[in-house]
Structures are given as C-alpha cells and as structure tokens.
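Quick note: numbers below take in every heavy atom, side chains included, and nothing from hydrogens, waters or symmetry partners.
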Amino acid sequence: MKKAVLASTNAIKKLCYYVCFASMLLIMCMMLLMFVDALGSLFFNHRILGTYEIVQCMLCIVVFTSWAYTQTEHGHIHVVMFVRMMPQKLRFICFSITALLSTGTMAFACWALIGAIQGKMASGEATGTLLIPFWPFYIIEFIAFLVFTLALLCDTVKSIMAIFDKELAEEIMESWA
C-alpha cells in the first residue's frame, strides 16, 4: 500500500511539474507581449490590440496552475506551532482532518467549475475587444484545480498513513517549517 501511494505521489508530482512548466512558458509569453506592446507604444505610437485582455486571461491560468506544484513542493503555509506539541498520532489525526477538508473543498470547486464552464459555453460570454470566449480558460482552470485536488489527495492519504507509520510521519514532518 505504501509503495502504491508513493508511486502515485511521484506521478502526481511529475504531472504538477509539467503543468507548472506550461505556466512558466505563459509567464514568458506575457512578458514578451507586454514588452512588445510597450515598445510599440513608445517608438511607433501604436499598441497591440487586446494586450490587456490576453494578459488578463493568461494571468488567470498562471495563478491557478501554480497551486498544484506549490503543494507538491510543500510551499503552502502550514501553521504547525501547536501541532508539534501533540503526540504523533494526535498530530497526524489533526493534520489528516485539515488535509481532508482541503481536498474536499477543492473537489467541490472542481464540481462547481463544471457548472461554470457549461454556463459560459451557453452564454457565449467573451472579452470586450478581441471577443475571446471565456469558456476555454474555465476548462484550463478546471484542469488546474483537478491536478491540485489530486496533489492534496495524495498528501491526505499520506497523512492518514502517517498516523500508523512512524517513518512516514518523520518524512512528512521534515517538510514542516
């Protein structure tokens, strides 16, 4: 069981890395687009039409796709000041409950995004200048949330297993700042 959980954790970690890598490429595209737009405005008195809209849509993707990678690298804030004073079993029972609540919250957000995607597709809502439809960005957001939910689920399962496995508990506690 432990090997299967660790293998799935490694697979999710790779997936999160690739999603984050795509996010980093988007950041570079955003910077290039804003740079070219600023140069065009400065030297040619002409701006690229819709730059603000394109950057705004890309920024939404960048923000949501970075969450899963941050979770796999344990970069999110954990307040463990009082949890560290508890016995190991109680410590990981509390940690498992909060991890389960986080996973449930993100699973609910994924479910809600399905309705939002359907609503945006039905309404045909789009940006004002370039008329870029919003629904593809909602689909990317859904994928990012789903990957984040999977990363949270892996950490939840590991924290539940750490209640009974001292070695795994020590490994998890190393990532606590």
Side-chain angles (χ1 to χ4, degrees), residues 1-36 51 53-80 83-84 91-92 94-117 120 132-177:
M1 173 76 171
K2 186 177 177 181
K3 284 185 179 184
V5 170
L6 294 177
S8 63
T9 301
N10 288 335
I12 294 295
K13 194 170 186 171
K14 284 182 183 178
L15 176 65
C16 291
Y17 174 78
Y18 291 126
V19 169
C20 188
F21 185 77
S23 176
M24 289 184 260
L25 289 176
L26 270 179
I27 289 173
M28 290 172 40
C29 291
M30 281 179 10
M31 290 186 327
L32 180 64
L33 181 62
M34 289 187 295
F35 177 71
V36 170
T51 299
E53 289 178 351
I54 295 169
V55 169
Q56 184 179 16
C57 292
M58 286 179 166
L59 191 58
C60 287
I61 294 171
V62 167
V63 167
F64 294 126
T65 54
S66 65
W67 289 358
Y69 180 73
T70 306
Q71 179 65 29
T72 59
E73 295 299 315
H74 305 289
H76 292 293
I77 297 172
H78 292 279
V79 181
V80 292
V83 176
R84 285 182 185 231
R91 177 184 310 166
F92 280 97
C94 293
F95 192 67
S96 297
I97 290 170
T98 58
L100 193 59
L101 287 172
S102 298
T103 305
T105 302
M106 287 310 300
F108 179 75
C110 286
W111 179 72
L113 271 169
I114 292 171
I117 292 167
K120 293 296 178 189
I132 301 169
F134 285 125
W135 64 267
F137 299 101
Y138 277 70
I139 290 174
I140 294 169
E141 182 181 342
F142 170 76
I143 292 168
F145 273 43
L146 187 61
V147 171
F148 183 42
T149 304
L150 291 173
L152 284 169
L153 183 61
C154 284
D155 284 349
T156 302
V157 171
K158 281 175 60 176
S159 65
I160 290 170
M161 289 173 60
I163 296 171
F164 309 103
D165 187 347
K166 188 172 179 108
E167 183 180 306
L168 185 60
E170 293 295 327
E171 180 184 321
I172 292 172
M173 286 189 305
E174 284 178 9
S175 68
W176 292 355

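- Considering every non-hydrogen atom in both V147 and L15, the closest pair reads CG2-CD2, 3.9 Å.
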Compile the donor-acceptor pairs under 3.5 Å between side chains in residues 3-13 and protein atoms, sequence neighbours left out, one pair per line.
residue : atom : partner : partner atom : Å
S8      : OG   : A4      : O            : 3.2
S8      : OG   : V5      : O            : 2.9
T9      : OG1  : V5      : O            : 2.7
N10     : ND2  : L6      : O            : 3.4

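- Aromatic ring orientation, W67 versus F64: perpendicular (interplanar angle above 60°, classes split at 30° and 60°).
- Contact of the I172 side chain with the F95 side chain is registered, since non-hydrogen atoms from C-beta on lie closer than 4.5 Å.
- Identified under the salt bridge (Lys or Arg N to Asp or Glu O under 4.0 Å) test for residues 18-36, with sequence neighbours left out: none.
- Take S96 and apply the side chain to side chain donor-acceptor pair (under 3.5 Å) test, not counting sequence neighbours, and it matches S159.
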Using atom types as modelled, flag every donor-acceptor pair under 3.5 Å from a side chain in residues 24-36 to any protein atom, sequence neighbours excluded.
none

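- Partners of Y17 by side-chain contact (heavy atoms from CB on, under 4.5 Å), not counting sequence neighbours, listed by chain and number: F21, Y69.
- Looking only at atom types and distance, the side chain of T103 has a donor-acceptor partner in the side chain of T156 under 3.5 Å away.
- Taking C94 as the reference, M86, L90 meet the side-chain contact (heavy atoms from CB on, under 4.5 Å) condition, with sequence neighbours excluded.
- Taking every heavy atom of both residues into account, C110 and T149 meet most closely at SG-OG1, 3.6 Å.
- Using a 4.5 Å heavy-atom cutoff, the side chains of K120 and I117 are not in contact.
- Listed here is the closest heavy atom pair of T72 and A151: CG2-CB, 4.1 Å.
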